[in-house]
Amino acid sequence: MAPLGSALPACLLGLLLLVCRGDFGRSSELAFVVEPSDDIVVQEQPLILYCQVEGIQPITITWRKNGVMIVDSENAFMLANGSLYVSRFQRVRGDGSSDEGEYDCMAQNHYGLLVSRKAKIQAATMSDFHIHPQNAVVEEGGVARFQCQIHGLPEPVILWHKNSMPVNTDNERYTLLPKGVLQITGLRAEDSGIFHCVATNIANVKFSREARLTVSGSHSTVYKDPMILVGPENLTLTVHQTAVLECIATGNPRPIVSWSRLDGRPIGVEGIQVLGTGNLMISDLTVQHSGIYVCAANKPGTRVRRTAQGSLVVQAPAEFVQHPQSISRPVGTTAIFTCVAQGEPPPQITWLRNGQILETSDHIKLKNNNSTLSIYGINQADEAIYQCLAENSAGSTQASARLTVLWADGLPSPPQGVRAETVSATTIQVSWEKPLQNTKEIIGYVLHIRKAADPVEMEYQEAVSKSTFQQLVTDLEPSTSYSFYIKAYTSRGASKASEVTVVSTLGEVPAMPSLFIKVINSTTVQATWEPSIKLGQHEGFKLYYRKVHLSQYTGPVLLASNITAYNITHLDASVVYEVKLLAYNQHGDGNSTVRFVSLRETVERTVLNPPCDCMKDEQNNKTSTTGIIIGIHIGITCIIFCILFLMFGYRGRLLMCKNVQEQLSTPQIPRSQRSATGLVLNGATRRDRDDRDLNGKQLDMNELERLFPASPSQEQQEKGITVSSAAWEHTWLRMGQLSLSLHCPLLSLSSRLTACQPLMMKPRSPHSLWMSSASLRSSQTPSQKTPMPAVLLLQLPTTVLPMKDKTAKTQSLL
């Protein structure tokens with residue numbers, strides 16, 4: 001909740017900062033120029049730890065070891081420049097003490113105390129060899145490997161000798177690794193000899209035991225699968241160091257060694273070097289080099305491979321991304337310091353106040369993983385040097401900032417008589433009286449508001465003019481305690497805070513719930529409602545219902561706060577009901593929500609639409625669905641059979657028509673005459689068809705006359721009636737091919753005809769067959785025993801013409 005007047009205190013603070021800015025420059029800050037650093041010291045040798053500080057004098061410098069103050073002595077004392085001198089460094093003294101440990105330097109002046117980073121001091125040492133080289137017998141052309149291991153501070157440098165002479169490192173077949181490993185590849189007879197290693201650091205020099213290498217036999221040509229003798233080890237190093245990942249493989253033919261990262265990222269090329277035949281060296285390590293590295297030995301020209309892997313962890317000392325900044329703040333305001341550090345692993349941040357670990361309290365808070373320090377309502381006791389220490393396993397660092405508390409003479413005294421009175425569940429009125437002293441320069445008041453249960457940082461403010469001595473605080477939460485205090489502001493700063501007063505808002509009845517009514521059946525309805533935070537604090541619900549024509553409710557039905565539905569039963573279906581629901585708490589009943597419901601439509605719907613047998617309907621639906629699916633399959637099958645029938649029927653028709661000329665005879669026309677006139681049928685020869693084309697319309701008309709020799713009377717032609725025997729009536733025929741339905745064989749015209757109206761045929765009686773295309777039909781009287789032909793072949797003119805009624809007897813072509 002952000003009050004509208006909260007901008008005024010910010011303006012007042014900004015004015016104060018403008019007045020005070022420039023009084024404290026960086027040169028006045030107490031800060032380290034040189035801090036002590038980590039070191040490894042040879043025993044019985046002197047040690048100097050440097051510490052140089054700048055700032056306003058006088059500055060006092062002291063030293064601590066492992067958190068304990070160092071007192072000047074004959075062995076350790078502080079030099080004039082502030083450095084610490086240890087005359088004879090010893091790892092273990094006669095009294096059991098040690099000069100090893102963590103040293104820090106403390107600097108103090110009038111403004112505060114500062115602590116340097118911790119310097120880790122260790123004695124130089126070297127242990128005995130715990131791994132010595134071992135004798136080896138290897139065949140010619142193979143690979144030999146010797147290893148020495150020894151611990152020491154600093155890390156010992158290991159060199160190899162062969163027959164008491166340093167190994168020639170210019171020989172590319174000899175590879176020396178930093179961890180004390182000697183690899184010899186492509187062995188020859190002259191590589192035989194006695195080997196040992198020499199370890200050296202500032203503490204000592206040590207020699208390992210000797211080992212003999214014997215090269216036997218000649219180079220073998222027997223095939224050997226690739227094999228990794230030694231794979232990479234898991235390493236943990238610090239940035240800028242060098243990592244060597246060992247990988248030595250054997251096989252015949254000699255395998256090819258390659259490297260990759262398990263996560264698929266490229267290894268890169270900068271700082272990458274291959275030592276010998278397959279060892280990977282990474283110089284100047286960074287955190288990005290961390291990962292799992294995979295060494296693969298591949299047989300040349302094949303996919304046969306062997307792999308080994310090792311992890312590399314690169315640590316980075318803590319370093320600051322954002323330093324805390326020194327600030328100046330008036331009394332009563334808030335000071336915030338921010339300190340952001342990074343490193344690997346992530347550093348732990350600790351805050352110091354004048355060299356002591358800072359303890360949090362109600363007005364001192366740490367947030368964001370200790371990266372933000374907030375000091376609320378500061379006073380003169382908070383003026384100090386605040387330090388941020390960032391530490392991880394790779395190192396530590398520190399940064400500091402100073403808090404200056406501004407205090408001016410003549411500031412007003414705290415406001416008097418602060419009172420808070422509850423007005424409603426969301427409103428409190430706060431009143432006060434003006435300060436007793438220095439009131440002339442007051443430019444306004446600031447009211448500080450906070451829930452009593454909230455931390456100090458949740459406080460907010462409202463600004464009030466200097467002539468107003470009361471403020472109505474609104475938008476508060478019901479049944480909640482709030483704390484209030486007042487400060488008077490001038491152009492030079494703020495007064496001290498007034499006394500704190502705490503008061504609670506009144507309780508509030510719950511809000512109206514959302515109510516929904518659902519008809520279950522003719523005598524039952526269900527009331528449901530939604531739980532909502534808008535209801536506020538409530539203990540439960542009250543449900544009422546009644547017939548609308550009655551004045552008295554049934555109820556209340558008391559329901560717990562976690563119930564959201566209730567069934568009202570035994571209702572009269574002939575009347576309308578009113579249902580009312582409200583929420584209640586210890587402060588009373590809230591407003592109710594009312595709904596009306598009628599059951600009459602439900603009763604009518606039940607009479608008109610009796611309940612269905614759901615199980616039966618479901619079975620019927622399943623049966624209908626199954627029938628539809630079966631019907632679809634049958635339909636598709638029929639279509640396929642029809643297509644096949646038409647295709648094979650057309651082929652059969654062509655074969656049949658070749659025999660029609662020989663079988664077809666017309667009683668009215670002798671065979672010789674019919675042949676002379678050139679009757680054209682389906683299946684005629686190409687020459688006959690060509691003759692027909694030349695004769696044109698006349699030939700077609702002759703054919704029709706011969707096919708239908710009997711002519712009806714003129715009256716019958718005009719009336720278009722159907723005559724006995726095979727009477728044909730057709731008003732118009734167009735060029736094309738007539739098609740019959742599947743009830744009968746196909747009726748075809750000459751291939752020269754290209755279009756015709758559909759011709760339908762169906763049995764009318766045992767002695768008649770209807771054929772229709774427009775008005776075309778044929779009938780046969782029962783007295784005529786001549787059967788209808790199964791196939792009719794007609795030759796029509798190539799032009800559109802009216803066709804008169806013709807009577808013709810057809811001959812069976814069965």
Side-chain angles (χ1 to χ4, degrees), residues 32 34-52 63-68 70 73-79 81-105 115-131 148-159 176-180 197-208 233 235-244 283-285 313-319 343-345 347 389-398:
F32 288 104
V34 177
E35 294 184 74
S37 58
D38 298 345
D39 200 359
I40 298 174
V41 186
V42 179
Q43 295 193 66
E44 303 298 331
Q45 297 295 319
L47 166 67
I48 299 179
L49 295 173
Y50 296 96
C51 179
Q52 185 178 346
W63 283 86
R64 295 186 304 183
K65 187 188 79 170
N66 298 332
V68 178
I70 297 176
S73 64
E74 180 180 348
N75 181 61
F77 53 89
M78 190 175 64
L79 301 178
N81 62 359
S83 298
L84 178 66
Y85 181 80
V86 179
S87 59
R88 293 173 58 248
F89 184 87
Q90 293 184 353
R91 185 179 183 186
V92 179
R93 295 185 174 276
D95 57 359
S97 63
S98 173
D99 291 331
E100 287 186 316
E102 292 182 337
Y103 290 78
D104 56 28
C105 164
V115 178
S116 72
R117 67 176 299 274
K118 295 178 181 179
K120 188 175 183 179
I121 306 300
Q122 297 172 286
T125 60
M126 181 183 291
S127 67
D128 293 329
F129 282 99
H130 56 276
I131 293 182
C148 287
Q149 277 194 5
I150 189 171
H151 294 308
L153 285 175
E155 187 73 26
V157 176
I158 299 178
L159 300 176
L176 278 69
L177 302 184
K179 292 294 185 179
C197 57
V198 180
T200 305
N201 71 0
I202 59 175
N204 208 339
V205 176
K206 292 193 176 183
F207 299 86
S208 72
E233 296 179 344
L235 299 178
T236 300
L237 300 173
T238 307
V239 291
H240 308 305
Q241 289 185 328
T242 298
V244 176
S283 303
D284 194 19
L285 286 172
V313 177
V314 181
Q315 296 184 339
E319 61 177 354
E344 185 60 39
L389 298 181
E391 288 183 282
N392 65 6
S393 57
S396 66
T397 185
Q398 66 84 30

Classify the ring geometry between Tyr85 and Phe77 as parallel (under 30°), tilted (30 to 60°) or perpendicular (over 60°). tilted

Can you pull the side chain to side chain donor-acceptor pair (under 3.5 Å) pairs that have at least one residue in residues 37-49, sequence neighbours excluded? Glu44-Arg88, Glu44-Gln90

I want to check something: taking the side chain as every heavy atom from C-beta on, are Pro345 and Gln315 in contact at a cut-off of under 4.5 Å? yes

With sequence neighbours excluded, residues passing salt bridge (charged side-chain N to carboxylate O under 4.0 Å, His left out) with Lys206: Asp128

Ser127 versus Ile150, closest heavy-atom pair with distance: O-CD1, 2.9 Å

From the options Leu235, Leu285, Thr238, select the one residue that forms a side-chain contact (heavy atoms from CB on, under 4.5 Å) with Val314. Leu285

Please find the pair of heavy atoms, one from Arg117 and one from Thr397, that lie closest to each other, and give the distance. CB-CA, 4.5 Å

Please examine the side chains of Ser208 and Ile131, heavy atoms only from C-beta on, and report whether any two atoms are closer than 4.5 Å. no

Measure the CG-CE distance between Asn201 and Met126 for me, rounded to the nearest 0.5 Å. 3.5 Å

Which heavy-atom pair separates Met78 from Trp63 by the least distance, and what is that distance? SD-CD1, 3.9 Å

Assess whether atom CZ of Arg91 is packed by more than 12 heavy atoms of other residues, nucleotides or ligands within 6.0 Å. no

What do you reckon, is CD of Glu233 surrounded by more than 12 foreign heavy atoms closer than 6.0 Å? no

Would you check if there is a donor-acceptor pair between the side chains of Ser83 and Asn81 at a distance under 3.5 Å? yes

As an exercise, state the distance from CD of Glu391 to NZ of Lys118, rounded to the nearest 0.5 Å. 5.0 Å

Specify the closest pair of heavy atoms between Val41 and Pro46, including all atoms of both residues, with the distance to one decimal. CG1-O, 4.2 Å

Once rounded to the nearest 0.5 Å, what's the spacing between atom CD of Glu344 and atom OG of Ser393? 8.5 Å

With rounding to the nearest 0.5 Å, note down the distance linking CD1 in Ile40 to CD in Glu155. 9.5 Å

Closest heavy-atom pair and its distance - Cys51, Phe32: SG-CE2, 3.6 Å

Would you call Lys65 and Asp99 a salt bridge, taking side-chain N to carboxylate O under 4.0 Å as the test? no

Heavy-atom closest contact (Asn392 atom, Ala318 atom, distance): OD1-N, 3.6 Å

Can you tell me how far the CG atom of Leu79 sits from the CG atom of Leu84, to the nearest 0.5 Å? 7.5 Å

What distance do Cys148 atom SG and His130 atom NE2 have between them, rounded to the nearest 0.5 Å? 10.0 Å

Strictly by modelled atom types, are Ser87 and Asn75 linked by a side-chain donor-acceptor pair under 3.5 Å? yes

With a 3.5 Å distance limit and no angle check, can you tell me whether Glu100 reaches the backbone of Ala123 through a side-chain donor-acceptor pair? yes

